[in-house]
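Right, one structure below, let's go through it.
To find a chain, count down the sequence lines: A is the first, B the second, and so on, and within it residues start at 1. Keep in mind that this is a model prediction, so the values were computed, not measured.
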Number of protein chains: 2
Amino acid sequence: MKNESSTVENYIKTIYSLCDKNGKTTVSAVAERLQNNPASVSNMVRRLHEKGLLENKSKLILSKEGNLLARQLIRKHRLWETFLVRVLNFKWEEVHDIAEQLEHVHSPLLTERLPVFLEYPKFDPHGDPIPDKKGNLPDLNAIPLTEAEVDQLYIFRSVATDKSDFLNYLNKKGLQLGQKWKVTEKEEFDGSVKLLIDENREVYFSETVAQNF
Amino acid sequence: MKNESSTVENYIKTIYSLCDKNGKTTVSAVAERLQNNPASVSNMVRRLHEKGLLENKSKLILSKEGNLLARQLIRKHRLWETFLVRVLNFKWEEVHDIAEQLEHVHSPLLTERLPVFLEYPKFDPHGDPIPDKKGNLPDLNAIPLTEAEVDQLYIFRSVATDKSDFLNYLNKKGLQLGQKWKVTEKEEFDGSVKLLIDENREVYFSETVAQNF
DNA sequence: GTAAAATTTTAGATTAATCTAAATTATGAA
DNA sequence: TTCATAATTTAGATTAATCTAAAATTTTAC
């Protein structure tokens, strides 16, 4: 696989993360996520297809190559986040933007040695699984908060985003990976939930927040 | 200081390293080093001046800003090389190209924490001094091999380049930092030298090689 | 001090990545 | 089915960084 620009790599990562169960997404969704003009995205889609990173000329579906590239970028991103937190003592809300740059450093040797030094971590500091060398992800029997049943006990395993504003909000609310919780109330009309954390603390979450678990 | 592109940063580093005792270099020297067309360099020089990184519109002299940027890049480069060798077990000839990418990662927090973890290294794996936060370099009373006096004893403290082809050549000859050596013969007509290493091994160097010490 | 050689700059083109505005195509609701 | 709205693509422009070819300038050598 030849070297792609950071721009191309960011498009591939974005497409990967936006794909639905059919492995498909749309120009407008990518444009929205990247805060780019749809015309720019449309243009880039043509070029991604020419590079063999997309299946179809018009449909937004990653090719095998594109899929592997995305997973390898996620692997590098999460390994660097693990490194920053474990080795350089960063906090979990500080690492996203730095890993976003580090993931584009191209060196097969470095990508091989970093996980050796970290002793083959399986999860990053946000509880998200780190794809292996071949891009495989473990089967997690984790469920999103929005699908949790009332009064059932769960363990807080991961967050779905590593953006600092969201993580700072969790910090303020005192939430950490590993905590036990159950949903005590679920509001149907606005999707908000009330949680009992570690059997002693109540927290309310809006639907927007709940979707990030 | 605002964020510059990797391209701009590479120009500044190149200009810095090519400057003579008057702090000056030429368009053609930069073009040669970067393997770019002189026209491209000329063009970039205008833009570097517009950004305030060069003193004059036409003369190739770094401004205070440009000088500081260069030293901070060298600092990051050498810190990352130290990290790669000491922490990830890279060899000294393997780290240049990776550090060349890592030095462009922009994060004040990372640049602050990396040297803390490494316990404030003063020299990189090639014996080259690491500028401090403010860009200051220690006064070395080291002399280049080309100026060594015959039969005077010296210690091998550093190499002037971290390019892998040169370092592989040294490895093949069995040269390492810390070795004691003296010049036993000096050929005036071609600049080549004969060295006695650790009092038991003779090595011949051409002028080209000697200039990299 | 002038002419040849070397160096630098200008002019115009190219590529990647973006934009706005306009045209086209697809979706979907009555 | 048809027409309005939404989504996408095309056309044309812009910016950073590069190129080649040609013009202008500076150096060097006699």
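For the side chain to side chain contact (heavy atoms under 4.5 Å, CB included) test, no residue two or more places apart in sequence or in another chain qualifies with A/E119. Partners of A/D20 under the side chain to side chain contact (heavy atoms under 4.5 Å, CB included) rule, at least two apart in sequence or in another chain, are A/N22, A/K24. With sequence neighbours left out, the side chain to side chain contact (heavy atoms under 4.5 Å, CB included) criterion links A/P129 to A/R78, A/F123, A/L137, A/P138, A/L140. Applying the side chain to side chain donor-acceptor pair (under 3.5 Å) test to B/S28 and every residue at least two apart in sequence or in another chain returns B/T26. A search for side chain to side chain contact (heavy atoms under 4.5 Å, CB included) contacts involving A/H49 returns A/L54, A/K57, not counting sequence neighbours.
Applying the 4.0 Å criterion to OP1 and OP2 of D/dA16, one finds that B/Y11 has every side-chain N and O outside that range.
As rounded to whole Å, 17 Å separates atom C1' of C/dT8 from atom CE of B/M44. One can place CG of A/N43 at 12 Å from C1' of D/dG12, the figure rounded to the nearest angstrom. We find that NE2 of A/H49 is positioned 16 Å from C1' of D/dT9, with the value rounded to whole Å. For the pair B/K57 NZ and C/dT8 P, the interatomic distance rounds to 18 Å; values are reported in whole Å. One can place CZ of B/R46 at 13 Å from P of D/dT15, the figure rounded to the nearest angstrom. If you measure from atom CG of B/L60 to atom P of C/dT9, you get 8 Å, rounded to the nearest angstrom. Distance NZ (A/K59) to P (C/dA26): 12 Å, rounded to an integer number of Å.
Nearest-nucleotide assignment on DNA chain C puts the 5′-proximal partner with B/S42, out of B/S42 and A/V8.
Within residues 13-40 of chain A, the residues approaching DNA chain D are A/T26, A/V27, A/S28, A/P38, A/A39, by heavy-atom distance under 4.0 Å.
A/R46 and A/E50 are joined by a salt bridge, as a carboxylate oxygen and a charged side-chain nitrogen come within less than 4.0 angstrom of each other.
A/T7 comes within 4.0 angstrom of sugar-phosphate atoms only, judged by non-hydrogen atoms across all strands, and of no base.
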